[in-house]
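Notes to accompany the following structure.
Chain naming here is simple, since letters A, B, ... match the order of the sequence lines and numbering starts at 1 in each. Side-chain atoms are counted along with the backbone in the values below, which use heavy atoms only and exclude waters and symmetry mates.
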Amino acid sequence: RKVPDHVILSGGRNNRYWVLDVEERPGHKTLTLTCSKSLHPTETCLLKDGWEMTPVRRGDVVHLEGHSEGASWVVDREQGFLVLLPDSLISGTSISSSIRCMRRAVLGDIFDGGSKQMLNGTMVHEVFQRAATAKDFSLGTLSKLADQALHSPKYLGDIPSHSRAPSRGQDSAAVVMVTELADIEENVWSPRFGLKGKIDVTARIRIQRPRNGSHRTPEEKTVPLELKTGKESNSIEHRSQVILYTLMSLERYNPEAGLLLYLKTGNLHPVVASHMDRRELLKLRNTLVHHIHNCVEKEAERSRLSRLPDILTNRQTCQYCPQTRNCALYERALNGSSADVSEDVVHDFLQQETGHLRPPHLSYFSHWMLLCFLEASTMEAKNGRKRVWLQTAEESEKNGSCVGNVQLSGPVMVQSEGVFLHRFQRNIAVPQKGLTTSGLASGDRVVVSDQEGLLVGLATGYLCEVSRTSISCTLDRDLSKFSGVLFRLDSDEGVVGLSTHLTNLSRLMENCQDSVCSCSDRLRELVVDLRPPEFIFNLSSVLPREAKDTVANILKGLNKPQKQAMKKVLLSLDYTLIVGMPGTGKTTTICTLVRILHACGFSVLLTSYTHSAVDNILLKLKRFRVGFLRLGQGQKVHPDILPYTEESMRKKGVHTLSELEQLYNKELVVATTCMGIKHPIFTRRRFDFCIVDEASQISQPICMGPLFYAKKFVLVGDHQQLPPIVQNQEARSLGMDESLFKRLELHSEAVVQLNVQYRMNRQIMSLSNSLMYEGQLECGSERTATALLSLPFLISVQSELSSYSETEPQHDLAWIQATLLPSNPVCFLDCSMAGCKPSDIGVIAPYRQQLKSISALLQSSAFTGVEVNTVDRYQGRDKSLIILSFVRSTLGELLKDWRRLNVAITRAKHKLLMVGSVTTLRRYAPVEKLLNHLQRENMISFQCMFTFGALPSIPL
DNA sequence: CCTCTGCTGAGAGGA
C-alpha cells in the first residue's frame, strides 16, 4: 500500500490522487483515494452514468475535475471528469482514431504506422501554414512554397509523381483565416486532462450574435482551427479532434467551440464542444491509456503480453487501417499457432496477414515484444517529464533539472528551418543564484514552459550555452511573441520510448511479397531461424580486377587476424562477426574494411549505436580521402565531421529534387547511428554492406534496424565487454541484454577474432587473459609488450618521499614508493606520480557517486586533464595509466558482471593501479578470480595502512 | 540498487 517514490501526488488545479481502493456495485463504482503520500486523509469518488466502466484499478493515479463536497467527489452524466493516469499525455489523434477501433489506437501508440496517402496532406498543410505565416497567399508565393515543400528531404521517396501545388480554390478560403491568425502548430500539453496535441491554427475570431434584432457588440474569441485537406467529411473523428483541442487549450483561451476548415471546398464548420462530447472523449482516453499502460500482465510472478481490445469483425473499417499487420501479428503472437478464432472473417484475416510466419517467428516476436514492454514500463516510471507540470520551478531547481524565472533577452534568431535560437536571462527583480550552478548544461534537451504552469511545453530544443547570467538554446518554435513572460526551462531526458524497437520487430515479420523491401524474409531466416551464414571460396570472383592492387596495398598495414577479417567479409554472402578484443584496433580495422569495400565499388552503410563511435571511424576515414555522407543532428556530430553532414552539403546549394537525389546517392559510404534509419534516404537507397560497430552493446531490435537496408552485414564487437543496457530486471533475466552479435556467434564459421592487441603491456594483458580470454589475447609487438610508464621526475619525487619518511617516521611511505615504480606495471593496493601528463591518466570507478568524491579531491588545477569516469563510459578507450577504484563496503550489482570488470582492467596501456579492500572484493566471483591471479603473479605487493588525512600532497 | 545512449513528433488521409 505504499506509494512508490516516483509518484507525485498533489491537490489543486492539477490534482493527482492515488487510488487506495475500488468498490464495484451494480451501476456505480466508488473509489477511495488520497492526494497525500502519507495516505492520509482519504477522500471518496463516486463514479456513475457510465463512468463506472472506467478501467481504474487500485494503485492508479487519477485526476479529478468538478466539485467535491467535504471529501467526496461525484462524477456523473452532468458533472465532473475522471482522468485516468493523467501524466500520460495522449494525443488528440490517438483518441479520435479510437472511436472506430480501440485496438487500432492502441497499436498506433505502440508501433509507428502511417500510410503513404497522407503525404500529400502533409505537404498541403505545410504550404498553407507557411503562406499563413508569411500572410501571402498569392499564387506565385504558394507555388514557390509548394516547390520548397516538395524538395524538403522529409518527403523524398514517397512523392507521388502527380503531386502539385494547391489549386486556386484553396487560397480563397485560406485568406480569410490568415487575418485572424494567432498561432500555427501550437504545441499544447494539458496535464489536467491528460492530453497533448499540435493545433494547426489558433485563430482569433469575432462572433457577431444578433438576438431579437438588438445589436450586440461583437465577441472576440480565440479558438482552435483544424485544417483538413481531404474530402469534406465533417466526420465524427474530425469533429472530435477539434473538441479535444478545445479541452486541451482550456487553460489558455477557454474556447467553447472550435473550427473545422476543409481546404478542398473552403467550407468552415463550427464545432461546439458540449460537456457530453468532452465526457465521452475522455472516457475513450481513459480506456486507451489503460491499454497502453497495461501491455504486460503478471500471472504467478511471470509476465506475459496482455490481450488488446478485440479485433473488429467489420472488415470495412479495417480496409484502410495502417495497423493491419500489427493487429494480426499481435493476435497470433498472443495465441501462438492455435488460432482458435470463432469468426471465419477474423481467421481469414489472420491467415492472410501472418500465414507466412512459422511458430518460431511468432514466438521470437512475442518474446521481444514482452521484453520491450517490460523495459518501457521501467523507463516510463523513471521518466521525469511530469515534473514539468507537477513541480514548481523552485522545487525542480533544487534537484538540478530546471531553471526558472527567466525571460527572453534579445531577438530570436532563425538558424534554419524550424530551428530558432533564443536567449534567456534571469528576471532581475528577484535576486537568485547564477545559472551555471543549475544542473543544466549545454547539449541537454529542454522543454520550455511558462512559470505559472499554464503554458506547458511551449517549445522543445537543445541548450547551447549556459553562462552565469544567461542561457541560449535552439528551440523548435519561435517564442518571440512571449516577450515579458516568465519561463522555466526543464531538462527533458528519457522521454524516448521503445517505438523504434517495436517497429523494427514488426518489420522483421513483414511478408516481403507485399513490401518494397525484400530484406525481412532473409533477415528473419538469419536472425530468428539462425540459418547458417554462407560464404563463397574464391576471392577473385568478388574483387574487381582494377581494385586488386589498391586492396593489396591497403592490406599491407594489417596484421594476420585483421587480414583474415577482411577476407571473410569479402567472401560472405550473409554476414560476418568480428570480435574485437580490447586494444586490437577495432576502429582501424573497420576503417580499413570501409576503404577496401569502397575501393571495390561497394556501397557501405556504416553505423553504430552512439554518435561518437560513428564519428571515431569517420575521423580516421577522412584521412584516407574516402568520401562519405554523415546523417544526423549537427548538434551531436563531431565538429571535424560537420562538413560531411547533410545539412552542410545542402548549404552548398540543393535546389531541385534531382540535386537532392544526387546528394543522397553521391557517396558510396553513408554513416549514421542505428536509430538514424528514419531518414528519408532509406526509403530509396540500399547498400551492399552494412557495418555495425559496438554491436555487442546494442539490443537486437535496434541492431537489426540498419540491416534492413543492406544485402550483407558485418557486426563488430566483443561480447566479453559490456552488454546492452537493460533497466528492467525481469527483462534482463529473460535475455534482453543478449545482443544480435552474441546471438549469431553460435555460428563460429562467421566469426573472426582480432586477438592481437596494441594497447596493454604484457602484465596488464595477463589480467584479462586469465579473467576472460583464456590466453587468447596476444601482444602485437615486443614494444607493446614491454612498454612502461615514463616518469621523468621519478627520482626527485622518490627522494622527496624518502626525506618525508625520515622526518615523519610514523608514516610508512614505502608502499607509495614501490607503487610509483614503472617496473610494477600492475599493482593492487589493498586498502600517486612524477612527470606524467594529466591527460595520460584516467581514474575509473564503477559508481557515479564515487566519481563525484574523487573529482572533488582532484579540484586543483594540476589535475585538470585527468579524466575521471565510470567503467561504462571508458569502454572503447584507453590511457597510459589507469587508477581503478573498487572502493565500496557493501555489495552492489555492477561488479558481479564479468564483462564490466574485463572492460575496467583493459583500459590501461602501461600501468594499472587498483585500489580496494581485498576482503570485501573476494565476495564478487569475477573480482575473486582476478585477485587469485594477482596473488599468484605476486601483483598484490603492497598493503597500505593509512587514513587519507595522512597522505602527503604529491606533485603529479 | 543506482551502470545510460538513442530519439522531434503529433498528425498527414481514405471510407
Side-chain angles (χ1 to χ4, degrees), chain A residues 89-97 100 108-109 112-126 154-155 158 185 187-189 195-200 226-231 233 235 237-238 241 245 264 316-322 379 382 418-419 445 447 457 459-462 475-477 492-501 608-613 632-633 636 672-678 694 697-699 702 705 722-727 729 737 845-851 869-875 890-897 899-900 903-904:
Chain A
L89 307 185
I90 307 292
S91 72
T93 41
S94 290
I95 296 169
S96 58
S97 85
R100 278 186 188 247
D109 195 272
D112 285 350
S115 68
K116 290 177 181 171
Q117 307 107 301
M118 295 177 185
L119 182 80
N120 211 7
T122 311
M123 289 194 293
V124 178
H125 260 251
E126 190 160 318
K154 284 182 270 183
Y155 309 123
D158 284 326
E185 289 272 292
N187 189 50
V188 188
W189 290 354
L195 299 174
K196 65 181 167 187
K198 283 201 157 68
I199 298 174
D200 280 339
E226 172 66 15
L227 294 174
K228 292 292 171 196
T229 57
K231 210 169 173 179
S233 66
S235 65
E237 280 93 340
H238 289 175
Q241 225 178 314
Y245 292 148
K264 217 170 224 169
Q316 186 81 35
T317 314
C318 304
Q319 210 172 340
Y320 294 94
C321 176
M379 285 168 70
K382 287 188 181 172
V419 183
R445 264 188 80 88
V447 188
T460 58
Y462 292 92
L475 300 175
D476 59 347
R477 312 214 64 232
D492 187 30
E493 283 146 20
V495 283
V496 276
L498 289 121
S499 81
T500 315
H501 299 239
S608 179
Y609 191 54
T610 60
H611 288 283
S612 65
Q633 274 247 320
K636 305 272 181 176
T672 184
T673 62
C674 290
M675 304 285 241
I677 51 161
K678 278 181 94 178
E694 295 183 329
Q697 289 187 84
I698 310 175
S699 71
I702 291 301
L722 287 169
I725 297 161
V726 177
Q727 301 189 55
Q729 171 59 46
D737 64 355
Y847 300 95
R848 282 243 150 255
Q849 211 49 43
Q850 265 174 283
L851 295 180
N869 231 326
T870 56
V871 182
D872 298 59
R873 292 251 178 124
Y874 254 107
Q875 172 143 340
T890 54
L891 283 168
E893 279 290 314
L894 296 186
L895 288 177
K896 289 181 189 159
D897 196 321
R899 296 164 292 195
R900 183 167 282 107
V903 172

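With rounding to whole Å, A/H611 atom NE2 is found 14 Å from B/dC4 atom C1'. As rounded to whole Å, 10 Å separates atom C1' of B/dA12 from atom NE2 of A/H238. We find that CD1 of A/I725 is positioned 7 Å from P of B/dC4, with the value rounded to whole Å. Atom CG in A/L475 sits about 15 Å away from atom P in B/dG9, given to the nearest Å. Nucleotide B/dG9 holds its C1' atom 15 Å from the CD1 atom of A/I199, rounded to whole Å. Atom P of nucleotide B/dG9 and atom CG of A/L498 are separated by 13 Å, given to the nearest angstrom. As rounded to whole Å, 14 Å separates atom C1' of B/dC4 from atom CG of A/D737.
Within the 4.0 Å cut-off from OP1 or OP2 of B/dC4, not a single side-chain nitrogen or oxygen of A/Y874 is found. The side chain of A/K196 contributes an N or O atom lying less than 4.0 Å from OP1 or OP2 of B/dA10. OP1 and OP2 of B/dA12 both lie 4.0 Å or more from every side-chain N or O belonging to A/T93. Between B/dG13 and A/T229, a contact under 4.0 Å exists linking OP1 or OP2 to a side-chain N or O. For the pair A/S91 and B/dA10, the criterion of a side-chain N or O lying under 4.0 Å from OP1 or OP2 is not met.
Side-chain proximity of A/Q727 to B/dA12, B/dC7, B/dT5: nearest is B/dT5. Ranking B/dG6, B/dT3, B/dG14 by closeness to the A/M675 side chain, first place goes to B/dG6. Listed nucleotides B/dA10, B/dG6, B/dA12 differ in distance to A/E226; the shortest reach to its side chain belongs to B/dA12. In the set B/dA12, B/dG9, B/dG6, the nucleotide with an atom closest to the side chain of A/M379 is B/dG6.
For the residue pair A/S96 / A/T93, no side-chain donor-acceptor distance below 3.5 Å is found, with atom types taken as modelled.
Heavy atoms of A/C321 sit under 4.0 angstrom from at least one base atom.
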